[in-house]
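Here is the structure we will look at.
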There are 2 protein chains.
Amino acid sequence: MARPKPLSGFPEFLPAGRIVEQRVLDIVRETFELHGFASIETRAVEPLEQLARKGEIEKEIYVVQRLHAADDDTAELGLHFDLTVPFARYVLEHAGHLAFPFRRYQVQKVWRGERPQEGRYREFLQADIDIVGQDALAAHHDVEIPLVALDVFSRLHDELGLPTATIHVNNRKLSEGFYRGLGIDEPSAVLQRVDKYDKIGPDAVRDLLTDELGLEASVAQRCVALAGISGSDESFVDEVRALGVEHDLLEQGLAELAQLVRVAGSEHVVADLKIARGLDYYTGTVYETFLDGSERLGSVASGGRYDSLASDGKVTFPGVGYSFGITRILAPLIAKGRITATRSVPSAVLVAVDSEDRREAAIAVAARLRSRGIAVEVAPKADKFGKQIRFAERRGIPYVWFGEDSVKDIRSGEQVHADASSWLPPEADRLPQVVAGQ
Amino acid sequence: MARPKPLSGFPEFLPAGRIVEQRVLDIVRETFELHGFASIETRAVEPLEQLARKGEIEKEIYVVQRLHAADDDTAELGLHFDLTVPFARYVLEHAGHLAFPFRRYQVQKVWRGERPQEGRYREFLQADIDIVGQDALAAHHDVEIPLVALDVFSRLHDELGLPTATIHVNNRKLSEGFYRGLGIDEPSAVLQRVDKYDKIGPDAVRDLLTDELGLEASVAQRCVALAGISGSDESFVDEVRALGVEHDLLEQGLAELAQLVRVAGSEHVVADLKIARGLDYYTGTVYETFLDGSERLGSVASGGRYDSLASDGKVTFPGVGYSFGITRILAPLIAKGRITATRSVPSAVLVAVDSEDRREAAIAVAARLRSRGIAVEVAPKADKFGKQIRFAERRGIPYVWFGEDSVKDIRSGEQVHADASSWLPPEADRLPQVVAGQ
């Protein structure tokens with residue numbers, strides 16, 4: 001067949017990019033597990049009627065059918081478009097075998113039939129954490145989520161050089177309580193306008209509130225003032241109080257959000273009272289996350305509290321969750337070459353082959369090195385040594401082993417006697433390193 | 001919604017089963033990388049016309065379409081049913097950016113619309129390795145594959161208690177050369193009958209060869225005799241020679257297979273000259289693998305040499321590969337409870353909470369433990385200590401931390417003073433262990 005063309009919206013990495021992705025996923029998994037989250041995977045397909053329950057996303061679903069569907073094939077299936085719908089189904093299906101509160105993480109591809117564009121993919125990788133309770137879930141779990149996210153982003157920055165990130169947090173109770181305290185009956189109509197704050201600015205939002213919703217100028221002004229409040233410590237509470245609005249729901253939201261920023265205690269976790277997106281879906285805390293310096297990418301990780309993740313009619317499962325858009329974060333960095341790996345193969349050592357009848361000796365040397373966890377490949381051809389060295393160079397393999405007892409660092413040219421049963425490369429050479437691109 | 005029912009053919013694991021699967025995949029990945037294989041992932045979908053090229057599998061393909069497909073959506077897509085077709089496409093698409101011979105591994109789900117039955121799934125996980133060359137690929141690479149497979153299966157056995165496995169190897173050149181040396185013009189017709197050897201026995205195969213193909217009794221007898229030869233050292237070569245057939249292709253196949261079993265040097269790698277399945281597709285070495293004691297499951301890992309993995313008309317890419325059926329191996333072991341994990345969560349420690357106003361102190365203790373790589377969760381509720389201990393017990397968490405400086409092994413009841421900034425659990429308790437089921 002002719003050279004195939006890439007499918008738009010379905011990103012794939014070359015081996016060096018995949019090494020970056022693997023290292024990111026290792027850190028994500030390790031951090032989730034340090035916080036006590038257990039891994040699950042769900043099947044890629046769900047019944048179509050479950051997927052289509054959220055009306056607005058319906059057009060983005062990929063339907064899955066057997067090419068020659070038989071009569072017994074009545075189930076209509078679609079690919080999952082997030083990891084929340086399948087997790088809710090998993091919780092209901094297996095509730096009897098799970099211990100609640102149940103802390104799970106899930107790292108899987110999801111599919112959406114959206115028109116592909118920058119930052120939008122048809123197949124992409126998400127890494128989700130959720131804590132779900134049976135009937136009830138204490139508010140303090142909302143505080144845990146940003147602690148995990150902080151740990152993940154700070155390790156990705158410190159260990160792999162990814163950009164730092166800032167988690168913006170708001171609380172539906174706070175906004176709704178504030179609006180109700182002002183005598184507003186339809187808080188969601190206000191939220192829809194406040195959602196445009198970043199795009200059109202505070203004055204234009206105020207005009208929308210007065211013109212479209214008929215709010216008094218002083219009321220609209222206070223809604224806009226609320227949206228303008230942000231901060232990474234509890235001082236935001238006094239700023240809200242200074243606006244002179246009182247409501248029980250507002251107090252509850254203030255207390256929850258204040259506790260969250262106090263416990264996080266980081267300039268990378270900010271209370272940001274203009275965060276409105278998702279407030280319709282979520283019922284308390286909401287999170288959005290921006291890469292510092294790449295805010296125009298939009299939120300790369302988000303989530304929040306929902307009073308009912310799932311319900312079987314008798315039991316309700318409230319939850320709080322957060323989803324890292326792994327592809328959304330990595331695909332632009334890798335595609336633009338801003339981040340890469342020091343080599344395209346895991347091998348730290350290439351064992352040279354003098355002549356084809358000495359290949360079995362080379363295989364034996366390789367086995368001795370591997371027994372101590374060193375990644376090794378044997379040269380595919382008994383070429384001249386110069387050619388074998390260039391083979392290693394092209395892949396970024398740092399060491400070439402010659403004969404029984406000699407190893408060369410091909411970067412420095414230094415060659416030393418060594419015993420294949422005890423030699424170790426420096427720790428930094430053992431695995432490919434993730435580095436800034438050229 | 002009501003309690004959902006599982007979808008037949010789409011296995012999912014509970015958290016303890018998933019821990020087993022993760023541990024297996026860690027070993028698979030680590031071993032592949034020790035042998036210098038680089039990871040890639042391909043998208044889940046391929047153009048339907050590529051998937052449907054192999055006629056016999058056509059009915060098993062899952063077609064993927066947007067629920068509301070637009071006019072611009074002309075590409076017909078299907079879910080991949082193996083990892084070979086997408087890998088061949090990846091090689092052609094990215095050949096200019098890859099270094100050959102290219103050694104890759106790929107661990108992904110695949111989908112087949114087969115009727116689900118024991119050992120057959122509609123969604124299952126495969127772990128593939130392939131070595132692919134540009135224009136040529138030396139025969140010695142066929143010897144590498146079983147060395148990797150041996151390493152994987154022996155680690156799965158030694159470290160996780162999975163059954164041992166035996167890799168059965170044959171060579172298309174050997175069989176075809178033998179048949180041609182006997183004057184047979186259609187070797188594949190003979191192979192199709194020999195393929196029934198295990199099921200119907202040698203005598204019945206001989207009858208098929210004489211009755212259906214019209215072979216002379218003495219010729220048929222020698223074909224059956226060849227199929228009966230097996231062994232884990234080079235002595236099989238003399239047994240073949242004793243049948244008195246000569247042909248260049250036979251000699252070539254004998255040399256390749258003899259080298260393979262000699263280098264492997266293991267009773268778990270046997271030359272088995274009745275292995276016929278796949279010989280039509282493969283062009284040289286073929287591998288099948290059976291779990292010792294569970295041979296009735298059929299081959300759980302297989303592969304072989306193909307002269308043309310892919311071709312763009314100008315360049316041909318020959319390869320040799322092997323695919324581990326991860327779900328096929330694990331799903332029965334996990335479902336029957338023959339293998340499980342010592343706990344259902346990663347947490348080694350539960351930090352108890354005295355009272356809700358001391359929660360932040362517990363969170364601080366947890367952070368200090370995590371900084372040394374200990375997986376920790378904080379108790380969700382400031383219950384009586386007995387209740388918090390039972391919370392840990394139910395999940396298999398071995399340690400409960402009390403206050404600032406006290407940790408209890410809840411299995412032995414032993415409680416000791418400890419510093420959260422230096423205490424470490426015994427290595428065996430750090431991660432959940434994979435163990436035989438009860």
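Letters A, B, ... are given to chains in the order of the sequence lines, protein chains preceding strands, and every chain is numbered from 1. Owing to the predicted nature of the structure, the values given are computational and were not obtained by experimental measurement.
Heavy-atom distances place the backbone of A/S344, and not its side chain, under 4.5 Å from chain B. Of the atoms belonging to A/L79, it is side-chain heavy atoms, and not backbone ones, that fall under 4.5 Å from chain B. Contacts of B/Q108 with chain A are made by side-chain atoms alone, with heavy-atom separations under 4.5 Å and no backbone atom involved. Both the backbone and the side chain of B/R43 come within less than 4.5 Å of a heavy atom in chain A. Using a 4.5 Å cut-off between heavy atoms, B/E41 touches chain A through backbone and side chain atoms alike. Proximity to chain B (any heavy atom under 4.5 Å) is shown, for A/E144, by neither the backbone nor the side chain. For A/E360, the part sitting under 4.5 Å from any heavy atom of chain B is the side chain, from C-beta outward, and nothing else. Proximity to chain B is absent for every atom of A/L350, based on heavy atoms less than 4.5 angstrom apart. There is no contact between A/K314 and chain B, counting heavy-atom distances below 4.5 Å. Both the backbone and the side chain of A/R370 have a heavy atom closer than 4.5 Å to some heavy atom of chain B. Looking at A/E33, both its backbone and its side chain come within 4.5 Å of chain B, counting heavy atoms on both sides. Using a 4.5 Å cut-off between heavy atoms, B/L98 touches chain A through its side chain atoms alone. With a 4.5 Å cut-off on non-hydrogen atoms, A/H140 touches chain B through its side chain but not through its backbone. For chain B, the nearby part of A/F100 is the backbone; its heavy atoms alone come within less than 4.5 Å. Of the atoms belonging to A/R395, it is side-chain heavy atoms, and not backbone ones, that fall under 4.5 Å from chain B. With a 4.5 Å cut-off on non-hydrogen atoms, A/A95 does not touch chain B at all. Proximity to chain B (any heavy atom under 4.5 Å) is restricted, for A/L147, to the side chain, taken from C-beta onward. Within the 4.5 angstrom heavy-atom criterion, only side-chain atoms of A/R262, from C-beta onward, approach chain B.
A salt bridge is defined here as a Lys NZ or Arg NE, NH1 or NH2 lying under 4.0 Å from an Asp or Glu carboxylate O, and A/E93 with B/R3 fails to meet this definition. A salt bridge between A/R89 and B/E12 is present, with a side-chain N of the basic residue lying under 4.0 Å from a carboxylate O of the acidic one.
Between chain A and the options B/S39, B/P432, B/A38, B/P15, the largest number of non-hydrogen pairs under 4.5 Å is found for B/S39. Highest contact tally toward chain A, considering only B/E30, B/R394, B/H97, B/R104, is held by B/H97 [criterion: heavy-atom pairs under 4.5 Å]. Each of B/V345, B/I397, B/V263 has some count of heavy-atom pairs under 4.5 Å with chain A, and the biggest count is that of B/V263. Top candidate by heavy-atom pairs under 4.5 Å with chain B, chosen from A/A348, A/P380, A/S347, is A/P380. In terms of heavy-atom pairs under 4.5 angstrom with chain A, the leader among B/R103, B/Q259, B/E356 is B/R103. The most heavy-atom pairs under 4.5 Å with chain A, out of B/G373, B/G78, B/A366, B/P6, come from B/P6. Among A/W111, A/Y90, A/F391, A/F102, the residue making the largest number of heavy-atom pairs under 4.5 Å with chain B is A/Y90.
Between B/P346 and A/F37, the shortest heavy-atom distance links the atoms CG-O, 2.9 Å. Minimum interatomic distance between B/Y62 and A/V64 (heavy atoms only, all atoms of both residues): CD2-CG1, 3.4 Å.
Annotation: B/R358, atom CZ; neighbour count of heavy atoms from other residues, nucleotides and ligands within 6.0 Å does not exceed 12.
Note: B/I40 CD1 to A/Q22 CD = 11.0 Å, rounded to the nearest 0.5 Å. Annotation: the span from A/K109 atom NZ to B/K109 atom NZ amounts to 10.5 Å, rounded to 0.5 Å. Between atom CD1 of residue B/I374 and atom CG of residue A/L34 there is a gap of 9.0 Å, rounded to the nearest 0.5 Å.
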Start with the C-alpha gap between B/V45 and A/F10, add the side-chain angles, then the distance that decides, and say whether side-chain contact (heavy atoms from CB on, under 4.5 Å) holds.
-> CA-CA 9 Å; B/V45 297; A/F10 291 85; 3.5 Å; yes
A/L67 and B/L48: side-chain contact (heavy atoms from CB on, under 4.5 Å), yes or no, with the steps?
-> CA-CA 10 Å; A/L67 189 54; B/L48 208 49; 4.2 Å; yes
For A/E377 and B/H35, what are the C-alpha separation, side-chain angles and deciding distance, and is it a side-chain contact (heavy atoms from CB on, under 4.5 Å)?
-> CA-CA 6 Å; A/E377 56 190 282; B/H35 285 265; over 6 Å; no
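Side chains of B/R66 and A/V63 form no contact here, defined as non-hydrogen atoms less than 4.5 Å apart.
Between the side chain of B/H94 and the backbone N or O of A/L14, no donor-acceptor pair lies under 3.5 Å.
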